Amino acid sequence: MKHILITGVSSGIGYTSAKYFIEKGFHVFGSVRKEADAQRLKTELGDSITPLLFDVVDEPAIAKAVEVAKAKLEPGENIAGLIANAGIHIPGPILHLSRDDMRNQFEVNVFGALSVIQAFVPLMRQTDSQKPGRVIHVSSTSAAIPLPYSSLYAATKSAMHSLCDTLRRELMLYEIDVIDIYVGPVKNDMVSKVSIYAERYKDTDYYHSITARLENALKNTIPKGLTEREVAKVLHDTLEKAKPKHRFAINKDWFNTWFLPNILPIRFLDKVLAKKLQLRPEDFAANKTKEKSTSSVGQS
Amino acid sequence: MRHIVITGTSSGIGYATVKYLIDRGFYVFGCVRTEKDAAELRKAYPQQFSPLVFDLIDEEGIRTSVKEVEQHLDGQPLFGLVNNAAAVVSGPIAHVSKEDMFYQFEVNTFGPLNLCQAYFPLLRGGEGQKPGRIVNVTSLSGEIAMPFLGPYSASKRALMSMNHTLRREFYPYGVDVIEVVPGRVKTGIIEKLNKVESQYAGSDFEEPMQRRMETAMEMREFGLEPEVISGAIHTALTVKNPKYRYVKPDLYFKGYRLPTMLPQRMIDRILGKQMRLLPSFLRSK
């Protein structure tokens with residue numbers, strides 16, 4: 001039996017991947033934060049999934065989950081793959097985010113991901129009958145192209161880019177490979193989650209620009225995005241491939257969301273983005289005058 | 001007079017940069033952790049230097065420092081903020097604790113971000129004033145992750161990413177954000193590394209880690225003079241159209257071009273051999 005651990009399987013890419021790996025004959029350990037999600041997964045996906053109840057920021061709970069997984073493995077079996085998928089996105093203009101926002105964003109996406117990898121490395125080591133396991137980190141194209149209002153999220157993915165390099169080089173000792181996959185826009189409900197946040201910045205200069213960015217995402221980026229199943233397939237293929245690339249990007253609208261931003265001179269790209277996202281000095285000035293005129297109308 | 005706030009001025013690049021900028025007529029606020037760290041500079045330049053005493057972990061201290069600077073500026077805009085201070089947490093990444101990770105990022109990533117936020121109003125200036133610039137000093141380690149420097153490299157990589165978003169988000173205010181990326185510099189950073197070694201005795205990484213320290217010690221005499229980086233910081237602060245980043249590797253070809261150009265799997269093997277991280281080293285034990 002081949003075992004795999006996927007973090008954050010209650011929804012999204014994690015959930016779809018768990019399903020996909022089960023179809024391919026794997027047994028999946030899937031981390032969830034809530035007991036209710038654990039029960040739901042059991043009913044929906046059956047015996048091929050063993051939900052592990054932990055939050056990636058909770059080290060003692062991770063340690064307990066390691067014991068649960070260990071008990072489930074037959075002698076000579078290991079965990080063939082760890083898919084570090086769990087992540088959060090705290091959006092907003094950096095001027096208006098707090099140090100606690102920074103801490104939370106990094107604790108889940110970086111320190112938490114690392115804790116899980118550290119804890120499960122011993123179960124991924126080579127056994128008499130099985131090859132050493134592989135770590136696959138689900139990253140984002142924003143690690144290469146950091147966009148406004150996703151600054152902290154992009155920074156965590158960049159930090160993980162570096163950590164994946166370090167892990168790959170150091171875990172070479174155990175022949176545990178580490179692969180970092182930049183996933184482009186995905187068709188999912190992430191947007192409905194983030195659109196609520198725009199209202200929080202109603203009183204800041206960035207409000208119009210944030211709205212523009214969201215509208216652009218809803219209209220152009222998300223509809224052209226990958227499906228979760230396409231991502232799941234790539235994760236599976238990467239695990240099974242004899243010689244996977246250490247890092248690669250998957251993208252639907254490859255030319256516009258990957259090739260172009262990576263090839264343009266940075267200062268030029270800045271200008272393009274500023275225009276598109278209404279982030280130019282003249283945009284802010286125009287918003288100011290607009291607001292002034294509406295407020296004076298209100299007063300009269 | 002042009003005023004600059006620069007962090008981490010007790011030694012290394014920060015210390016050199018204070019002198020460099022003062023020699024060119026700037027007034028410098030140097031951030032240090034203790035009053036003692038600033039004593040020498042204060043004595044040497046009573047007219048052009050004032051220390052700001054706070055720790056990058058301490059948000060309240062950061063806020064207080066802004067008030068001090070604001071009072072001193074008395075309506076003038078701040079010419080520049082240089083995020084230079086950094087700590088180095090090293091160790092085998094499979095064993096580095098979460099506390100150590102937090103500390104590393106608090107100092108190298110969250111601290112600088114917090115300063116960008118806190119000093120933003122002073123940098124932006126008032127109506128009709130020319131906005132100031134931010135210079136973030138990162139590291140080539142953010143580009144090329146060397147074994148056993150995982151936490152440090154990751155924290156610098158995160159700051160590199162933030163440099164892009166800060167620059168894009170501050171663009172409408174005219175506050176430019178520029179990155180300076182130094183390679184190896186002759187500073188005391190290697191001595192700082194030495195202390196951690198014993199912590200990982202007994203792990204599979206003990207020998208590779210020792211090997212790494214040995215090479216680091218052999219190389220300590222090599223590297224750039226801190227003034228080279230000071231020059232890059234000065235350029236970033238003063239030229240009319242600065243580049244978005246200035247990369248200053250110690251060895252341009254061997255230390256920068258080659259490792260970023262070669263296939264990464266090949267670099268892995270070269271490093272693995274150098275540092276005894278190939279699987280065969282563990283098997284032969």
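These figures come from a predicted structure and were not determined experimentally.
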Only one of Ser162(A), Ser151(A), Ser158(A) forms a side chain to side chain contact (heavy atoms under 4.5 Å, CB included) with Ser161(B), so which one is it? Ser158(A)
Side chain Gln118(A), main chain Ser97(B), donor-acceptor under 3.5 Å: no
Picking from Leu97(A), Val110(A), Asp205(A), which has the most non-hydrogen pairs under 4.5 angstrom with chain B? Asp205(A)
Engaged part of Tyr149(A) at the chain B interface, taking heavy atoms whose separation is under 4.5 Å: both
Arg169(A) side-chain N/O to Ala145(B) backbone N/O, donor-acceptor pair under 3.5 Å: yes
Per-residue contact mode, His246(A) against chain B (heavy atom under 4.5 angstrom): both
Under a 3.5 Å cutoff, is there a donor and acceptor pairing between the side chains of Asp204(B) and Tyr174(A)? yes
Per-residue contact mode, Arg103(A) against chain B (heavy atom under 4.5 angstrom): both
For residues Tyr171(B) and Phe284(A), establish whether the separation of their ring centroids is below 6.0 Å. no
At a 4.5 Å cut-off on heavy atoms, which part of Lys245(A) comes close to chain B: side chain, backbone, both, or neither? backbone
So what's closer than 4.5 Å to chain B heavy atoms on Asp177(A): side chain, backbone, both or neither? side chain
Check each atom of Glu59(A) against the heavy atoms of chain B and say whether the ones under 4.5 Å are side chain, backbone, both or neither. side chain
Using a cut-off of under 4.5 Å for heavy-atom pairs, which of Thr166(A), Leu279(A), Asp165(A) has the most such pairs with chain B? Leu279(A)
Would you mind telling me which of Arg167(B), Lys243(B), His95(B) has the largest number of heavy-atom pairs within less than 4.5 Å of chain A? Arg167(B)
Checking Arg168(A) against chain B: side chain, backbone, both or neither under 4.5 Å from a heavy atom? side chain
Classify the ring geometry of Phe105(B) against Phe106(A): parallel below 30°, tilted from 30° to 60°, perpendicular beyond 60°. tilted
Taking Glu169(B)'s backbone N and O only, do any of them form a donor-acceptor pair with Tyr206(A)'s side chain (distance below 3.5 Å, no angle check)? yes
Looking at His96(A), Lys157(A), Met160(A), Arg280(A), which makes the most heavy-atom pairs under 4.5 Å with chain B? Arg280(A)
Most heavy-atom pairs under 4.5 Å with chain A, out of Arg157(B), Met146(B), Glu59(B), Glu143(B), belong to Arg157(B)
Leu271(B), Leu282(B), Asp268(B) screened by side chain to side chain contact (heavy atoms under 4.5 Å, CB included) with Met172(A), the one that passes: Asp268(B)
Look only at the side chain of Glu170(A) and the backbone of Phe148(B), and say whether a donor-acceptor pair between them is shorter than 3.5 Å. yes
At a heavy-atom separation under 4.5 Å, does Arg267(A) approach chain B through its side chain, its backbone, both, or neither? side chain
Using heavy-atom distances under 4.5 Å, tell me whether Leu273(A) contacts chain B through its side chain, its backbone, both, or neither. side chain
Can you tell me which portion of Leu114(A) sits under 4.5 Å from chain B's heavy atoms? Options are side chain, backbone, both or neither. side chain
